[in-house]
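Single-structure report; data block below.
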Amino acid sequence: MESLDTTFERMKLFEQSLGRFNDRLAETYRFLAERHDAARDDWQDKFARDYEAAWAPLESGLRQWCTKEGPQYLAVMEEKARLLQRYLDGDW
(Lines give C-alpha, C1' and ligand atoms only; values in the text may rest on other atoms or scores of the structure.)
Protein backbone atom coordinates (compact mmCIF):
# COMPACT_ATOMS: atom_id res chain seq x y z
CA MET A 1 0.00 0.00 0.00
CA GLU A 2 1.33 3.41 -0.97
CA SER A 3 1.79 6.22 1.50
CA LEU A 4 -0.23 9.39 1.18
CA ASP A 5 3.00 11.21 0.35
CA THR A 6 3.44 8.97 -2.69
CA THR A 7 -0.21 9.44 -3.60
CA PHE A 8 0.24 13.21 -3.39
CA GLU A 9 3.34 13.10 -5.60
CA ARG A 10 1.48 11.04 -8.19
CA MET A 11 -1.51 13.38 -8.04
CA LYS A 12 0.75 16.36 -8.71
CA LEU A 13 2.40 14.56 -11.63
CA PHE A 14 -0.99 13.67 -13.06
CA GLU A 15 -2.22 17.23 -12.57
CA GLN A 16 0.80 18.58 -14.47
CA SER A 17 0.36 16.01 -17.24
CA LEU A 18 -3.32 16.82 -17.53
CA GLY A 19 -2.55 20.53 -17.77
CA ARG A 20 -0.03 19.91 -20.56
CA PHE A 21 -2.49 17.58 -22.32
CA ASN A 22 -5.26 20.19 -22.12
CA ASP A 23 -2.97 22.92 -23.45
CA ARG A 24 -1.70 20.79 -26.33
CA LEU A 25 -5.16 19.51 -27.23
CA ALA A 26 -6.56 23.06 -27.25
CA GLU A 27 -3.69 24.20 -29.48
CA THR A 28 -4.22 21.27 -31.85
CA TYR A 29 -7.98 21.79 -31.89
CA ARG A 30 -7.60 25.48 -32.78
CA PHE A 31 -5.16 24.62 -35.58
CA LEU A 32 -7.39 21.86 -36.96
CA ALA A 33 -10.54 24.01 -36.76
CA GLU A 34 -8.81 26.86 -38.59
CA ARG A 35 -7.66 24.55 -41.37
CA HIS A 36 -11.06 22.92 -41.55
CA ASP A 37 -12.81 26.28 -41.84
CA ALA A 38 -10.34 27.48 -44.49
CA ALA A 39 -10.98 24.41 -46.63
CA ARG A 40 -14.76 24.63 -46.26
CA ASP A 41 -15.12 27.52 -48.76
CA ASP A 42 -13.15 25.72 -51.48
CA TRP A 43 -14.41 22.22 -50.91
CA GLN A 44 -18.07 21.70 -51.85
CA ASP A 45 -18.41 18.19 -53.27
CA LYS A 46 -20.18 15.13 -51.85
CA PHE A 47 -17.05 13.94 -50.11
CA ALA A 48 -16.85 17.31 -48.35
CA ARG A 49 -20.41 16.88 -47.08
CA ASP A 50 -19.63 13.35 -45.89
CA TYR A 51 -16.49 14.61 -44.21
CA GLU A 52 -18.43 17.43 -42.54
CA ALA A 53 -20.91 14.91 -41.16
CA ALA A 54 -18.04 12.89 -39.66
CA TRP A 55 -16.21 16.01 -38.43
CA ALA A 56 -19.18 17.54 -36.59
CA PRO A 57 -19.36 15.08 -33.66
CA LEU A 58 -15.57 14.98 -33.32
CA GLU A 59 -15.41 18.78 -33.33
CA SER A 60 -18.20 18.97 -30.77
CA GLY A 61 -16.39 16.60 -28.41
CA LEU A 62 -13.09 18.41 -28.81
CA ARG A 63 -14.73 21.78 -28.17
CA GLN A 64 -16.55 20.40 -25.12
CA TRP A 65 -13.33 19.04 -23.61
CA CYS A 66 -11.23 22.11 -24.43
CA THR A 67 -13.72 24.67 -23.17
CA LYS A 68 -15.48 22.90 -20.32
CA GLU A 69 -14.58 19.35 -19.29
CA GLY A 70 -10.78 19.61 -19.40
CA PRO A 71 -10.58 22.79 -17.32
CA GLN A 72 -13.17 21.47 -14.86
CA TYR A 73 -11.35 18.17 -14.41
CA LEU A 74 -8.06 20.00 -13.90
CA ALA A 75 -9.70 22.24 -11.28
CA VAL A 76 -10.98 19.16 -9.44
CA MET A 77 -7.50 17.63 -9.44
CA GLU A 78 -5.97 20.88 -8.21
CA GLU A 79 -8.49 21.06 -5.36
CA LYS A 80 -7.93 17.43 -4.36
CA ALA A 81 -4.17 17.97 -4.33
CA ARG A 82 -4.56 21.17 -2.31
CA LEU A 83 -6.68 19.39 0.28
CA LEU A 84 -4.30 16.44 0.50
CA GLN A 85 -1.37 18.84 0.88
CA ARG A 86 -3.18 20.55 3.77
CA TYR A 87 -3.75 17.18 5.40
CA LEU A 88 -0.12 16.13 4.96
CA ASP A 89 1.04 19.46 6.40
CA GLY A 90 -1.15 18.93 9.46
CA ASP A 91 -3.19 21.99 8.54
CA TRP A 92 -6.52 20.19 8.57
Side-chain angles (χ1 to χ4, degrees):
M1 178 179 245
E2 292 185 354
S3 72
L4 285 178
D5 291 317
T6 302
T7 299
F8 176 74
E9 291 170 12
R10 289 182 183 208
M11 284 177 70
K12 292 303 289 181
L13 288 172
F14 178 74
E15 179 186 319
Q16 294 167 2
S17 294
L18 180 60
R20 286 190 304 271
F21 172 79
N22 285 350
D23 292 345
R24 183 70 173 125
L25 184 63
E27 177 184 316
T28 301
Y29 168 61
R30 283 189 300 272
F31 177 83
L32 184 58
E34 288 171 6
R35 296 311 176 272
H36 186 269
D37 289 344
R40 184 178 290 143
D41 293 337
D42 298 328
W43 193 26
Q44 300 292 325
D45 62 6
K46 180 183 179 330
F47 185 76
R49 290 186 296 278
D50 293 344
Y51 175 83
E52 183 66 32
W55 163 250
L58 173 62
E59 190 274 336
S60 176
L62 286 170
R63 183 175 7 93
Q64 179 75 11
W65 179 267
C66 291
T67 62
K68 186 175 180 182
E69 293 171 2
Q72 285 177 345
Y73 193 46
L74 185 57
V76 167
M77 289 304 303
E78 290 168 345
E79 179 64 8
K80 288 181 180 290
R82 186 186 68 75
L83 292 172
L84 182 53
Q85 180 67 63
R86 280 186 57 204
Y87 176 80
L88 292 172
D89 290 345
D91 187 26
W92 195 254

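Judged by distance alone, the side chains of R20 and S17 do bring a donor and an acceptor atom under 3.5 Å apart.
Under the rule for a side chain to side chain donor-acceptor pair (under 3.5 Å), the partners of D37 that lie at least two apart in sequence or sit in another chain are R40. Annotation: salt bridge (charged side-chain N to carboxylate O under 4.0 Å, His left out) contacts of K12 (sequence neighbours excluded): E15. A search for salt bridge (charged side-chain N to carboxylate O under 4.0 Å, His left out) contacts involving R24 returns E27, not counting sequence neighbours. Applying the side chain to side chain donor-acceptor pair (under 3.5 Å) test to S3 and every residue at least two apart in sequence or in another chain returns T6.
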Extract all donor-acceptor atom pairs below 3.5 Å that involve side chains of residues 81-90 and protein atoms in other chains or at least two apart in sequence.
{"residue": "R82", "atom": "NE", "partner": "E79", "partner atom": "OE1", "Å": "3.0"}
{"residue": "R82", "atom": "NH2", "partner": "E79", "partner atom": "OE1", "Å": "3.3"}
{"residue": "R82", "atom": "NH2", "partner": "E79", "partner atom": "OE2", "Å": "2.7"}
{"residue": "Q85", "atom": "NE2", "partner": "D89", "partner atom": "OD1", "Å": "2.8"}
{"residue": "Q85", "atom": "NE2", "partner": "D89", "partner atom": "OD2", "Å": "3.1"}
{"residue": "R86", "atom": "NE", "partner": "D91", "partner atom": "O", "Å": "3.2"}
{"residue": "R86", "atom": "NH2", "partner": "D91", "partner atom": "O", "Å": "3.1"}

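Taking all atoms of both residues into account, the shortest heavy-atom contact from A48 to D45 is N-OD1, 2.9 Å. G70 approaches N22 most closely through the heavy-atom pair O-ND2, 3.1 Å.
The aromatic rings of Y73 and F14 lie perpendicular to each other, with more than 60° between the two planes, well past the 30° mark.
Proximity of L32 to W55: side-chain heavy atoms (C-beta onward) are separated by under 4.5 Å at one or more points. At a threshold of 4.5 Å between non-hydrogen side-chain atoms, the residues F31 and T28 do not count as touching.
For an aromatic pair to be called close, the ring centres must be under 6.0 Å apart, and Y29 with W65 fails this.
In this structure, F8 is not a member of the same hydrophobic cluster as V76, with clusters built from ILVMFWY side-chain heavy atoms closer than 4.5 Å.
Pairs of residues two or more places apart, or lying in two chains, that qualify as salt bridge (charged side-chain N to carboxylate O under 4.0 Å, His left out) and include a residue from residues 60-77 are E59-R63.
Rounded to the nearest 0.5 Å, atoms OG1 (T7) and NZ (K80) are 12.5 Å apart. A distance of 12.0 Å separates CE in M11 from CD in Q16, rounded to the nearest 0.5 Å.
Here the side chain of S60 pairs no donor or acceptor atom with the backbone of A56 at under 3.5 angstrom.
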